[in-house]
Engineer: 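I have a structure here, written as structure tokens, and I will follow up with some questions on it.
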Amino acid sequence: MKNKVFLGALTVAGLAAGAAAAGTLDDVKARGKLNCGVTTGLVGFAAPNANGEWEGFDVAVCRAVAAAVLGDSTAVEFVPTTGKTRFTALASGEIDMLARNTTWTFSRDVDLKFEFVGINYYDGQGFMVPKDLGVSSAKELDGATVCIQTGTTTELNLADFFRSNNISYEPVPIETNAEAQQQYLAGACDVYTTDASGLAATRATFDDPAGHVLLPEIISKEPLGPLVRHGDHEWGDVVRWSLNALIAAEELGVTSANINEMAAGTENPEINRLLGTEGTLGEMLGLSADWAKNAVAAGGNYGEVFAKNIGEDTPIGLARGLNAQWTEGGLLYAPPFR
């Protein structure tokens, strides 16, 4: 009897594990919509436009996943989350994935029980100050008041930086980027610190962007990328390979302009596997053969998404830098599609 009870418990545990593993992909398909956690508003990365439609670099990841799974890049419910609420929203199942400027760290991966599925932006923490402050280095900020988003790696890095340089600061805690911007422009803090990309995005919205400078110091590594819940490996694979599809498409020369032509078949076997004209990669993911084609067609390849939302020809004005392809001296590198 004891063995039967034990085996029964194992079966229930196995079923529960199986349900969890199959969970999110089936849920999204049944719902017909992806619930994607984003920031509360950071122009260039994730913010509603004048028509109330979400757009941006991180939003593009959500749309690529929706296109891969549902064949419709508009089938997304965007859920704004703060530094404090984002992890609860993911853990509770309110959102299927989180695609906002979130840094991959040991404790978030291991202790918070999340799975980071890749890096869509290699970043580092920086400092923005008004030009009138006359400061040219973060090491000159002794005694400064600093606007800082709570519940972030930024908060911890700031403490480490000031302590290691034996200087002091007064934190001005804020919840959202909009609040930080308001406080900073009102003079409630001398300095705003967050990821350098976020500072560039925020400065671009100012009436007088030239009146504010980004200091030269980058004080941390901030690998930003989408994440899902632990234990849901099928869903993790879908989000991971949707992001990889955008990265690989750029490397392989697949663009939103030529994708239909290339999907008819090419001389390159990897492009054919990526776009579903050869092999069974879609079937392995539980998706249609054209899943990656749909993902790339949603907003273009990684380079197109970057250029359109945050690149050097946008008000944000970010250079590719570390986010260039590995073939161009950057860190961007998608595993093989085979």
Side-chain angles (χ1 to χ4, degrees), residues 21-38 54 57-78 95-99 115-120 225-229 232-266 268-306 308 325 332-338:
T24 310
L25 179 57
D26 289 346
D27 287 350
V28 172
K29 284 179 174 178
R31 194 189 305 132
K33 185 178 66 175
L34 171 72
N35 294 330
C36 200
V38 290
W54 283 86
F57 184 76
D58 291 328
V59 164
V61 176
C62 303
R63 294 203 186 281
V65 172
V69 176
L70 302 167
D72 180 1
S73 65
T74 67
V76 187
E77 179 79 30
F78 292 98
I95 55 178
D96 305 311
M97 59 178 284
L98 186 62
E115 184 177 356
F116 285 79
V117 296
I119 297 166
N120 72 325
L227 55 155
V228 298
R229 288 177 289 278
D232 203 344
H233 302 301
E234 286 186 350
W235 178 242
D237 286 343
V238 167
V239 180
R240 175 182 298 108
W241 287 96
S242 295
L243 173 59
N244 282 334
L246 304 187
I247 295 169
E250 182 184 21
E251 183 187 340
L252 295 167
V254 178
T255 69
S256 55
N258 67 21
I259 194 164
N260 286 329
E261 181 190 337
M262 288 201 166
T266 72
N268 185 324
E270 186 160 22
I271 293 175
N272 297 343
R273 289 192 295 269
L274 176 70
L275 299 182
T277 53
E278 271 182 37
T280 57
L281 299 189
E283 191 184 319
M284 293 178 198
L285 279 174
L287 302 177
S288 63
D290 59 359
W291 68 278
K293 180 195 171 195
N294 293 337
V296 175
N301 64 34
Y302 180 94
E304 290 177 281
V305 170
F306 191 105
K308 177 186 172 186
Q325 289 279 345
L332 219 58
Y333 188 110
F337 278 77
R338 63 177 321 113

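Please read these numbers as outputs of a predicted model, since none were measured by experiment. One-based numbering along the sequence shown.
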Engineer: Would a distance-only check, ignoring hydrogens and angles, find a side-chain to backbone donor-acceptor pair under 3.5 Å from N294 to G71?
Structural biologist: no
Engineer: Side chains of V228 and T24: closer than 4.5 Å at any heavy-atom pair?
Structural biologist: no
Engineer: Strictly distance-based, threshold 3.5 Å: is any side-chain N or O of D72 a donor or acceptor partner for the main-chain N or O of G32?
Structural biologist: no
Engineer: Donor-acceptor pair, E250 side chain versus I247 backbone, under 3.5 Å?
Structural biologist: no
Engineer: For A249 versus V296, what's the shortest heavy-atom pair and its separation?
Structural biologist: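 Nearest pair, atom of A249 first, then V296: CB-CG2, 3.8 Å.
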Engineer: Could you tell me whether R240 and D237 have a side-chain N and a carboxylate O separated by less than 4.0 Å?
Structural biologist: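 Counted as a salt bridge, because a side-chain N and a carboxylate O are separated by less than 4.0 Å.
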Engineer: Quick check for you: to the nearest 0.5 Å, what is the distance between L274 atom CG and I259 atom CD1?
Structural biologist: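 The CG atom of L274 sits 7.5 Å away from the CD1 atom of I259.
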Engineer: Would you check if the side chain of N272 reaches a backbone N or O of G265 as a donor-acceptor pair within less than 3.5 Å?
Structural biologist: no
Engineer: Ignoring hydrogens and geometry, is there a side-chain-to-backbone donor-acceptor pair from R273 to G279 under 3.5 Å?
Structural biologist: no
Engineer: Measure the spacing between CG of N244 and CG of L332 and express it to the nearest 0.5 Å.
Structural biologist: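 Reported value, rounded in 0.5 Å steps: 9.0 Å.
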Engineer: Measure across R63 and V76 and return the closest heavy-atom pair with its distance rounded to 0.1 Å.
Structural biologist: CA-CG2, 4.3 Å
Engineer: Are any non-hydrogen side-chain atoms of D96 and R31 less than 4.5 angstrom apart?
Structural biologist: yes
Engineer: Drop me the distance from L70's CG to W291's CH2, to the nearest 0.5 angstrom.
Structural biologist: 14.0 Å
Engineer: Please report the closest heavy-atom contact between W235 and M97, naming both atoms and the distance.
Structural biologist: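 So the two residues come closest at NE1-CB, 4.3 Å.
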Engineer: Of all heavy-atom pairs between F78 and C62, which one has the smallest distance, and what is that distance?
Structural biologist: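 Closest approach of F78 to C62, heavy atoms only: CE2-CB, 3.7 Å.
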Engineer: Nearest 0.5 Å, what's the CD-CG distance between E270 and L275?
Structural biologist: 10.5 Å
Engineer: With rounding to the nearest 0.5 Å, note down the distance linking OG1 in T266 to CD in E278.
Structural biologist: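 Going from OG1 on T266 over to CD on E278, the span is 7.5 Å.
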Engineer: If you define the side chain from C-beta out and look only at heavy atoms, does anything of L285 sit under 4.5 Å from L281?
Structural biologist: no
Engineer: Stepwise, does the side-chain contact (heavy atoms from CB on, under 4.5 Å) test hold for N260 with K293?
Structural biologist: CA-CA 8 Å; N260 286 329; K293 180 195 171 195; 3.2 Å; yes
Engineer: CG/D26 to CG/D232 distance, rounded to the nearest 0.5 angstrom?
Structural biologist: 9.5 Å
Engineer: Say whether S288 and D290, considering side chains only, have a donor N or O and an acceptor N or O under 3.5 Å apart.
Structural biologist: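 Present: a donor and an acceptor within the cut-off.
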Engineer: Just so I know, are the side chains of V69 and L34 near enough to count as touching, which here means a heavy-atom distance under 4.5 Å?
Structural biologist: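 No, their side chains stay 4.5 Å or more apart.
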Engineer: Does any part of the side chain of P226, heavy atoms only, come nearer than 4.5 Å to the side chain of L243, both counted from C-beta?
Structural biologist: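 The answer is yes; the side chains approach within 4.5 Å.
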Engineer: With heavy-atom distances below 4.5 Å as the criterion, would you say the side chains of L287 and L25 are in contact?
Structural biologist: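 Side chain of L287 against side chain of L25, heavy atoms only: contact under 4.5 Å found.
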Engineer: Closest heavy-atom contact between G300 and S256?
Structural biologist: CA-CB, 4.0 Å
Engineer: Looking at A245 and A292, what are the two nearest heavy atoms and their distance?
Structural biologist: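 For A245 and A292, the tightest heavy-atom pair comes out as CB-CB, 4.0 Å.
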Engineer: Examine distances only and state if a side-chain atom of Y302 and a backbone atom of E251 form a donor-acceptor pair shorter than 3.5 Å.
Structural biologist: no
